[in-house]
Visitor: 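Pasting a structure here, questions to come.
Both backbone and side-chain heavy atoms feed into the values below; hydrogens, waters and symmetry mates do not. A note on names: the letters A, B, ... follow the listed sequences, proteins ahead of strands, and every chain is numbered from 1. Please read these numbers as outputs of a predicted model, since none were measured by experiment.
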There are 2 protein chains.
Amino acid sequence: MPRFFIAGTNIAGGMAIMKGRDAEHVHVLRLRPGDDVILCDTEGSDYKCRIVRSSKDEVEAEVLEVTPCISEPNVKVSVMCGLPKGSDKTDYIIQKSVEAGANEICFFSCDRCVAKFDEDGRSKKLERWIRISEEAAKQSGRGIIPDVKWLGNYADCLNYAHQKDISLFMYETGERESLNTVLNGSAEFKTAAVITGPEGGFAQYEADLARITGCRICSMGERILRCETAPIVALSAIMYATGNLG
Amino acid sequence: MPRFFIAGTNIAGGMAIMKGRDAEHVHVLRLRPGDDVILCDTEGSDYKCRIVRSSKDEVEAEVLEVTPCISEPNVKVSVMCGLPKGSDKTDYIIQKSVEAGANEICFFSCDRCVAKFDEDGRSKKLERWIRISEEAAKQSGRGIIPDVKWLGNYADCLNYAHQKDISLFMYETGERESLNTVLNGSAEFKTAAVITGPEGGFAQYEADLARITGCRICSMGERILRCETAPIVALSAIMYATGNLG
């Protein structure tokens, strides 16, 4: 059944109103009155609806049933990455993280980031990132559109991470705990931050800072993962460990 | 320390001889007599060597130490995918699977494969796939170069999978076990097959055939993963579950 995202406010009195791009999309899919669609309110609820009236600009549908979206994980993981070089890598991280169940994707700047975030083009860039998230969310049947954020510098990143129940800092060298040890030994958590570095990894002082401020410094084994691969592998492991993969 | 792969036969009497592309690479990296390199014998051993003589065509190095390559997982996972459309997806599956620890990557044809494998261009295609694997293996510090294979049709795929200790068939619908249940409930395994479908997924009869012949039909949750994402997520979960991620 076709899935759409709709702002919760457009559902009222047992009726849903779709406008703009979504109405157009209904038109393109040749859906007609009597056809059923699923509308996600982007907050984790699915509205099963039957189209009652449809034009290119506006579609009206009757709400048949409201259910919690079963595809949403019960742990909210924030994937936080040092900004990689090249938009193909950021795009890739966003798309795959959304599929694999991330709650949000954040980028930040740190010592070895080669790429610079263009603050002037900020809103355009964020718009593009959100669009990639939205597409991936639709395609994979998510109940929310994971937010994509620019966090600023490394201190801002750590501050943000420490708002979560647990902060996991993926590091390739030095004293580390295995991801298994950390996840098995942790009290149940509802929110988690997973921090991975840019192409050149993290500087030693950044890892020290993460440790001092309370991050768990984690190893994912002796294989060296590319900066765009590490977040997906870590996220998949966390989803598995928390029972959200099946 | 720079890592190279070398055929085991070129190491004899405590000396290693590098030729061709590898010798050129040593030259490009401006490595000189006295510099150390790691040579992997592609069978899981690392040879720490010191260069004693070097030209563009041939490099001679003294073996200082032989150690098992610590980056190799203790479970050999065969990632087996229905051939996707577009070489960017096959390339992606190979590269990411190698990073995440696959022992080999196999492609096969099945009902909903849109892409056709060009049997005439077979050797050229396989050569290209192996090169991608080799590059990813070098970059991620693997101790082997994971093989990349073309298995043929779906029956050949199942026959091949059943040579492994356990065969996991990832399916998006119908009666399935969660990946957690399957992995937690399985006796220790040394080899595993992970089977994922092409863009359109598997036909019902293919899933039935997999079940009848002894595959475990697995769910990875309610999110719909793209054909190039599913193998990486499944592989990461298996690596985590078997203690090979940290």
Visitor: Can any side-chain N or O of A:N180 pair as donor or acceptor with the backbone N or O of B:Y240 at less than 3.5 Å?
Guide: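 Yes, A:N180 side chain to B:Y240 backbone: donor-acceptor pair under 3.5 Å.
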Visitor: Hey, which of A:L179, A:L235, A:V182, A:I238 has the most heavy atom pairs under 4.5 Å with chain B?
Guide: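 Between A:L179, A:L235, A:V182, A:I238, the count favours A:L179.
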Visitor: Charged N to carboxylate O below 4.0 Å: is that the case for A:R226 and B:E99?
Guide: yes
Visitor: Name the region of A:A230, side chain, backbone, both or neither, that has any atom closer than 4.5 Å to a heavy atom of chain B.
Guide: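 Neither; nothing under 4.5 Å.
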Visitor: So which residue, A:G143, A:A136, A:P73, ends up with the most heavy-atom pairs under 4.5 Å with chain B?
Guide: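 Between A:G143, A:A136, A:P73, the count favours A:P73.
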Visitor: Counting only heavy atoms from other residues, nucleotides and ligands, does the tally under 6.0 Å from NZ of A:K138 exceed 12?
Guide: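 Yes, enclosed.
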Visitor: For chain A, find which of B:G141, B:A237, B:C218 contributes the most heavy-atom pairs closer than 4.5 angstrom.
Guide: B:A237
Visitor: Would one find more than 12 heavy atoms of other residues, nucleotides or ligands at under 6.0 Å from atom NZ of B:K76?
Guide: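 Result for NZ/B:K76: open.
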Visitor: For chain A, find which of B:T181, B:I232, B:L183 contributes the most heavy-atom pairs closer than 4.5 angstrom.
Guide: B:L183
Visitor: Would you say the side-chain atoms of A:R223 pair up with the backbone N or O of B:S71, donor to acceptor, closer than 3.5 Å?
Guide: yes
Visitor: Rounded at 0.5 Å granularity, tell me how far CG in B:L225 sits from OG in A:S140.
Guide: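 So the CG of B:L225 and the OG of A:S140 are separated by 7.5 Å.
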Visitor: Side chain from CB out, backbone as N, CA, C, O: work out which of these in B:A234 comes under 4.5 Å of a heavy atom of chain A, or both, or neither.
Guide: neither
Visitor: Do you know which of A:R176, A:M220, A:E228, A:R142 has the most heavy-atom pairs under 4.5 Å to chain B?
Guide: A:M220
Visitor: For B:E72, is there any backbone N or O sitting under 3.5 Å from a side-chain donor or acceptor partner on A:E222?
Guide: no
Visitor: Crowded around A:K149 NZ? As in, over 12 foreign heavy atoms under 6.0 Å?
Guide: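 Yes.
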Visitor: So which heavy atom on A:G246 is nearest to which on B:S178, and how close?
Guide: O-CB, 2.6 Å
